[in-house]
Structure formats: C-alpha cells, structure tokens
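Note on naming: letters A, B, ... go to the chains in the order of the sequence lines (proteins, then strands), and numbering restarts at 1 for each one.
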Amino acid sequence: MSASTRIAEVLAGSVPVGTKATIEGWVRTRRDSKAGLSFVAIHDGSCFDALQVVAPAELPNYQTDVVRITTGCAVRAIGEIVASQGKGQSVELRADSIEVVGWVDDPDTYPMQPKRHTPEFLREVAHLRSRTNIVGATTRVRHTLAQAVHRFFHERGFFWIHTPIITASDAEGAGQMFRVSTLDAANPPRLPDGKVDWDKDFFGKEARLTVSGQLNVESYCLAMSKVYTFGPTFRAENSNTRRHLAEFWMIEPEIAFADLAADAQLAEDFLKFIFRVLLDERKDDMAFFEKFVDPECVKRLTAMIETKFTRMDYGEAIKILEKSGEKFEFPVKWGIDMQSEHERYLTEKVVKGPIAVVNYPKDIKAFYMRLNDDGKTVAAMDVLAPGIGEIIGGSQREERLEVLDARITEMGLHPKDYWWYRDLRRYGTVPHAGFGLGFERAIQYATGIENIRDVIPFPRAPRQAEF
RNA sequence: UCCGAAGUAGCUCAGGGGUAGAGCAGGCGGCUGUUAACCGCCGGGUCGGGGGUUCGAAGCCCUCCUUCGGAGCCA
C-alpha cells in the first residue's frame, strides 16, 4: 500500500504524464481488444472515477491471468501514466505488469455486477456494496460531512465530548431504550416478589444504551463553555420507515452564556458550513448524485448556503397556516405539534427557504426547555428546510432550579432521578442552549438518497443486524 | 405496530390452471484503442416456506416468513 499511488491523485493530475506508478484496487470492468490489449477499469475508492489500465498482450501473464480477470478481482498494476488515446479519460496507466492479488472464485455468482442494482438488493450484500458507485460516493460524502462537523466546531473553540454509550440513568426520556445486561436472560436472579434483581447485574442497576448525549454534554458545557457530542445513539422503537434507524449518529452542540437566538445562529452557521465544505470538496460525487439520484440536490444545498434563515415565532407560524386557506390533513390551531405537511408548507410555500421556528407551546416539548415569561411557551426551536421539513431541533435549557423542578413534576417525572442534572443548576448555573441533528438525515438531505439505510454502512433496524 | 404492494435464473423483470421465458451477468467463439462496447452459441430455476383445491398449481385458496412504500413515533 505504502508504495502505491491512489487513483484520485492520478486523475487529479498530481502525477505527471511519464511517471511510473503502482496502482492497487478492484476491477470494475475488463474489455479486450484483439488489437492486442485489454482495458481494465480499476477502482480504489479514493474518488468517484475508475482508472483505465491498458494491458498489452505482450505481458507474460496476459493469456493466463489478464484475460481471466472479472469484475471484483483485486489487482496491482505497475506502469507509466500516459495521455489516453481514447475518449473517456485524459490519462491512463500503460501496464508493465498486472498482478492479480485476489481472484473472484466464482464470477458467475459474484453479486456486484457492473450495472445498476436496486438499493434493496445492495442491502442484502452490505459487505460488498461499498464497491458500487452509489455506496462509494455516499461513503465519501459521509466522511466529508463528518470531517466538516469536527472542523466547524474545532475552528470555533468547541470541545468534542465523548458522552457515554451505556447509561444507567433512566432519565433521558427520548424514547424506547435497548437494555444492556450481563444477566442470564433465561434465568435471571430474582427478588422475593419475583421481579428481576438488577442489583446483581453488571452495573448494580438497570443499564441501557443512550438515546441522547445531551444531559451529559450539558455538564461539560457548564465548565468548558462550548462543547459538542458526535457519536452513535440508539432507539429501540419498532419503527420501520425510510427515515429511522435503531442505531444512528447524532450531533449535539451546547453553548454556555447563550440564549435561543445564539443557538439559532449557531445552527444556521453550522449547516451552511458543512454543506459548503461538501460542495467544495466532493464535486465528483455530488455530480453523480445530481445526475442519477436527485437532480435537485446541488441546487438545494446551494440555495441553503446562500439564503439567510428566516426567524419565525411559533404563534406567527400558526397564524400564517390558519390564514393560508390551505386544506391540511391535520387541522391547525395554537397548541398543536406541527405535522410535516405544515412544516413543509411554511418552508416551501411561504418562506421558500430555511426557517427557524421558535417558542413552542410548553406542553408539546421536553421538560428541560426553558420556560418563557409568558408561562405558556418554551425557548425551543426547529430548523425547517425546503424538501425535508425539520432538520434540527434545539432549545435554550431551563437554568432555574425551581422552574426545572416544577416542569419535571408537571411532566410526571421525579426530580430525584435527575439529581446530578439538577446539581448543574445549584452550582454556578448559567443560561445555555444547544441543538441536535441526526447525521444520517443530513446525508439524506445532501444526497437525495431516499432510504436512511443506504447512508450508513451497516444499518441497524428492527430485524436487521446481519452484518 | 397499523394500512397497502411485492417475492420467478447471480441481477432486473415477463408469464396469471396444461409441465419455465427475456435482457443483463457468467462460459466459449468472433469483432473492435475499448468506454457499465457489439455479434453468435452454451450452461443456469424446489417460481419465498408450509398446507389445501384440482386429473394437473409458479398461477387459485389458507397460513407463515421476508422486503418495499405510507402512517404513527421521532433524529
């Protein structure tokens, strides 16, 4: 590997014509010419395009190896980078040697053919689907966006906090959780009343996989000032849709000495930054998505980057919807949790651009969101975008202990379950705010890929954990 | 979980009571500085599983499984 050249460098022109190079990768197609040469398209994942390797019949292993190469073979080709005589590419590698490092032992049943596959089929061969154009492109986009996330926060003085995956506090309150246990499921230790004795379990109490790092990251926010989490989260909901996963990655920044307005500005700056990086750095892959997956994707990202996000009060949004004359499936009135039809109407028809809707009724929002002076609303925000609806949800957090306790109780929860979270309000409390973004949804938004299971390497969903 | 649709060759699909088809892929041959090439020949299927109806089922009925889309929940 170390001595080889990546195809991205060759195709970018970083390797001058006339230079000798070693290329290592996997074969996409082979075409023979009886004029005495074969064309082997090689892919190494470094960029969208394959490199054409020209193999002359004079190669000693031409008859024994080269003409037996099929799609999927791993090869090492050594030769000179030359200007191409053909039309499809500017440069190619004229091979002095081609070594087949790994054969495809049964080409007849090798699943990855040089043609378009359905995404459903590719999910059944998730261990091989990274060899396709679409999954390769998605993988590079995912990587680039992830790097952009870290770059955005790092450049602004945020610290990346590794919040725990396993949590024993049953207090995150964001949906069904997966249990983590070392007890014998068939025969767990029991208390006299027949209930499972969790005191005997690994952590001495019930433990689960996290559904959000927010509560933990708040504690670091109230010391480090600007922090974020970026890691896997888990939901044991039996939801089978193209927008849900049981395991997904979430980005949750948290800023101290900040209010909702600062939070909304952070969200806007954040989205614009990561999508600008994507458009700048993955032109090849985005051109592919634009051509074969979603003709609107580049236009959509460009518009988001260039448009100032509108700020709109929830009450104002409801009034606009009520006066719209539009027939909605779900009726509109103050107090409702807006459906996606409402959100899309606002962002696509009214504003025709991204909106941050703020100050939602307290009854439809979480206990930790800061109560506004009107006593009816909380300092929550949703960022809505054309073509998708809600992309970010966030809030200013309730920093006043009495108000927080009242809200916890009001929601039927118990303050003692939140003792350490409450401590943050007892010792040097400060206004702070943050938001959450589902990373896979951002990738869907950027690429237009419809099913979320195709933007994560090995999707976890109900009844799906084969790979 | 609910509603709807679909499971036939390695892949994409046609066939809808009378004994299994095409294109692509694969093998062999031809042709060409080729471009997910083109032409010819060949191999390849428990028609998702089980049960039933029938002289006869891939097809009709029942049931289960799986997948997809929508809804709910949400990120």
Side-chain angles (χ1 to χ4, degrees), chain A residues 27-41 43 49-57 67-68 70-72 82-89 92 94 104-125 128-129 132-133 173-176 210-214 232-252 292 329-330 337-341 343 364-366 382-383 388-394 435-445 450-456 461-464 466:
Chain A
V27 172
R28 278 293 170 81
T29 60
R30 191 199 82 231
R31 296 177 296 275
D32 300 324
S33 167
K34 283 296 185 285
L37 63 167
S38 290
F39 301 95
V40 186
H43 223 268
D49 290 307
L51 178 70
Q52 173 158 288
V53 171
V54 183
V67 299
R68 291 175 50 223
T70 56
T71 302
V82 297
S84 179
Q85 298 173 32
K87 288 209 175 82
Q89 57 286 315
E92 61 195 22
R94 197 179 59 216
V104 168
D105 66 23
D106 185 7
D108 193 38
T109 56
Y110 178 62
M112 297 296 104
Q113 295 165 13
K115 67 168 197 172
R116 196 172 180 140
H117 286 104
T118 60
E120 293 81 21
F121 171 71
L122 291 175
R123 270 170 236 149
E124 294 172 14
V125 285
L128 298 172
R129 69 175 180 167
T132 62
N133 279 337
Q176 292 285 103
T210 185
V211 294
S212 164
Q214 184 198 314
T233 50
F234 308 86
R235 302 282 164 88
E237 309 279 356
N238 186 21
S239 57
N240 228 305
T241 82
R242 61 187 186 83
R243 296 185 305 282
H244 291 84
L245 289 166
E247 176 181 291
F248 63 99
W249 286 59
M250 194 150 62
I251 297 151
E252 298 173 288
F292 290 107
E329 189 187 340
F330 295 90
D337 202 357
M338 280 191 272
Q339 301 291 317
S340 60
E341 58 171 343
E343 296 176 339
I364 58 171
K365 290 293 181 182
D382 283 351
V383 177
I388 186 176
E390 181 184 338
I391 187 166
I392 277 181
F435 64 78
L437 167 75
F439 187 49
E440 284 75 18
R441 296 231 177 130
I443 301 171
Q444 284 184 280
Y445 179 70
E450 289 184 354
N451 196 307
I452 199 167
R453 296 168 192 198
D454 301 322
V455 300
I456 189 168
R463 308 195 138 272
Q464 281 197 5
E466 176 70 19

Problem - Residues that A/D49 engages under side chain to side chain contact (heavy atoms under 4.5 Å, CB included), provided they are two or more places apart - result: A/L11

Handout entry: By side chain to side chain contact (heavy atoms under 4.5 Å, CB included) - contacts of A/F330 (at least two apart)
Key = A/Q339, A/E341, A/H342

Exercise for the section: Scan A/E120 against the nucleic acid and name what it touches under 4.0 Å (heavy atoms): base, sugar-phosphate only, or nothing. Expected result: sugar-phosphate

Could you go through nucleotides 26-33 of chain B and list every protein N or O atom that sits under 3.5 Å from one of its N or O atoms, giving the distance for each pair?
{"unit_1": "B/rU32", "atom_1": "N3", "unit_2": "A/D32", "atom_2": "O", "d": "2.9"}
{"unit_1": "B/rU32", "atom_1": "O4", "unit_2": "A/D32", "atom_2": "O", "d": "2.4"}
{"unit_1": "B/rU32", "atom_1": "O4", "unit_2": "A/S33", "atom_2": "N", "d": "3.3"}
{"unit_1": "B/rU32", "atom_1": "O4", "unit_2": "A/K34", "atom_2": "N", "d": "3.0"}
{"unit_1": "B/rG33", "atom_1": "N7", "unit_2": "A/Q85", "atom_2": "OE1", "d": "3.2"}
{"unit_1": "B/rG33", "atom_1": "O6", "unit_2": "A/Q85", "atom_2": "NE2", "d": "2.9"}
{"unit_1": "B/rG33", "atom_1": "N1", "unit_2": "A/E92", "atom_2": "OE2", "d": "2.6"}
{"unit_1": "B/rG33", "atom_1": "N2", "unit_2": "A/Q52", "atom_2": "NE2", "d": "3.0"}
{"unit_1": "B/rG33", "atom_1": "N2", "unit_2": "A/E92", "atom_2": "OE1", "d": "2.5"}
{"unit_1": "B/rG33", "atom_1": "N2", "unit_2": "A/E92", "atom_2": "OE2", "d": "3.0"}

Problem - Donor-acceptor contact below 3.5 Å, side chain A/T71 vs main chain A/R28 - result: yes

Practice task
Would you mind classifying the nucleic acid contact of A/R116 as base, sugar-phosphate or nothing, using non-hydrogen atoms under 4.0 angstrom?
Solution key: base

Problem - Protein-nucleotide distance (A/Q176, atom CD; B/rU1, atom C1'), rounded to Å - result: 12 Å

Exercise for the section: Looking at every strand, decide which applies to A/G88 at a 4.0 Å heavy-atom threshold: base, sugar-phosphate, or nothing. Expected result: base

Problem - Interatomic distance where CZ belongs to A/R30 and C1' belongs to B/rU34 [whole Å] - result: 12 Å

Problem - Atom pair distance, as rounded to whole Å: CG in A/N240 and P in B/rC2 - result: 12 Å

Practice task
Indicate, with a heavy-atom threshold strictly under 4.0 Å, whether A/F330 touches base, sugar-phosphate, or nothing.
Solution key: sugar-phosphate

Handout entry: Sugar-phosphate only, base, or nothing, as touched by A/L245 at under 4.0 Å among non-hydrogen atoms
Key = base

Completion exercise
Whole-Å distance, A/E124 CD to B/rU12 C1', equals 13 Å

Practice task
Using the P atom on both, measure B/rC55 against B/rC13 and round to a whole Å.
Solution key: 37 Å

Practice task
Identify whether any heavy atom of A/R463 sits under 4.0 Å from a base atom; if not, whether one sits that close to sugar-phosphate; answer base, sugar-phosphate or nothing.
Solution key: sugar-phosphate

Exercise for the section: May I ask you to say what A/F121 touches in the nucleic acid, namely base, sugar-phosphate or nothing, with a heavy-atom cut-off under 4.0 Å? Expected result: sugar-phosphate

Exercise for the section: Please evaluate the base of B/rC74 for a donor-acceptor partner in the side chain of A/H244 within a cut-off of under 3.5 Å? Expected result: yes

Fill in the blank from the handout: So the stems of RNA chain B, runs of at least three Watson-Crick or G-U pairs (under 3.5 Å), are B:1-7 with B:65-71, B:10-13 with B:21-24, B:26-30 with B:38-42, B:48-52 with B:60-64

Handout entry: For A/T132, side chain to side chain contact (heavy atoms under 4.5 Å, CB included) partners two or more places apart
Key = A/M112, A/L122, A/I134, A/V135

Exercise for the section: Determine the contact category for A/Q339: base if any of its heavy atoms lies under 4.0 Å from a base atom, sugar-phosphate if only primed atoms, P, OP1 or OP2 are that close, otherwise nothing. Expected result: sugar-phosphate

Completion exercise
ring-ring contact (aromatic ring centres under 6.0 Å, His included) filter on A/H43, not counting sequence neighbours, yields none

Completion exercise
What one should report as the nearest heavy-atom pair of A/D454 and A/P119 is OD2-CB, 3.4 Å

